Visitor: 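I'd like to ask you about the structure that follows.
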Amino acid sequence: MTTLEQDRATEVEAADRPLSALDRCDSCGAQAYVRVMLSGSELLFCAHHAHKHEAKLRPMAEVWHDESHRLGA
Ligand SMILES: [Zn+2]
């Protein structure tokens, strides 16, 4: 495994940690249920804004970590 691959694995692992009540939507401040890793930056969205931006952002995102299913639980 190259260093670059290791860095990427670490990044993906961090991106995959569960979202908590402290994670807030970047657009509206509601509790975040989706984390998007995009060009090395982390974006957080509530289910509403994740859905709104999904068509545009998802094809570009390195990680699309979606916990919005927990809303219905
Ligand atoms: Zn929002």
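It should be emphasised that the depicted structure is a prediction, and the values quoted were computed from it without experimental measurement. Just follow the structure's listing: the first ligand is 1, and inside any ligand the first atom is 1. Hydrogens, waters and symmetry mates are skipped; everything else that's a heavy atom, side chains included, is used. Residues: numbered from 1 along the sequence shown.
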Visitor: Using residues 44-61 as the side-chain source, report each donor-acceptor pair under 3.5 Å to any protein atom, sequence neighbours left out, with the distance given to one decimal.
Guide:
{"residue": "E54", "atom": "OE2", "partner": "R58", "partner atom": "NH1", "Å": "2.6"}

Visitor: Heavy atoms only: give me the nearest Q31-R70 pair and the separation to one decimal.
Guide: NE2-NH2, 4.5 Å
Visitor: Provide the protein N, O or S atoms situated under 2.8 Å from the Zn ion (ligand 1); waters are not included.
Guide: C25 SG, C28 SG, C46 SG, H49 ND1
Visitor: Distance check, rounded to the nearest 0.5 Å: L71 atom CG versus Y33 atom OH?
Guide: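 It is 4.5 Å, given to the nearest 0.5 Å.
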Visitor: So which heavy atom on R17 is nearest to which on E67, and how close?
Guide: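 For R17 versus E67, the nearest heavy atoms are O-OE2, 4.2 Å.
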Visitor: Working to the nearest 0.5 Å, report the span between SG of C25 and CG of D23.
Guide: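 It is 11.0 Å, given to the nearest 0.5 Å.
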Visitor: For the residue pair L43 and L38, what are the closest heavy atoms and their distance?
Guide: CD1-CD2, 4.0 Å
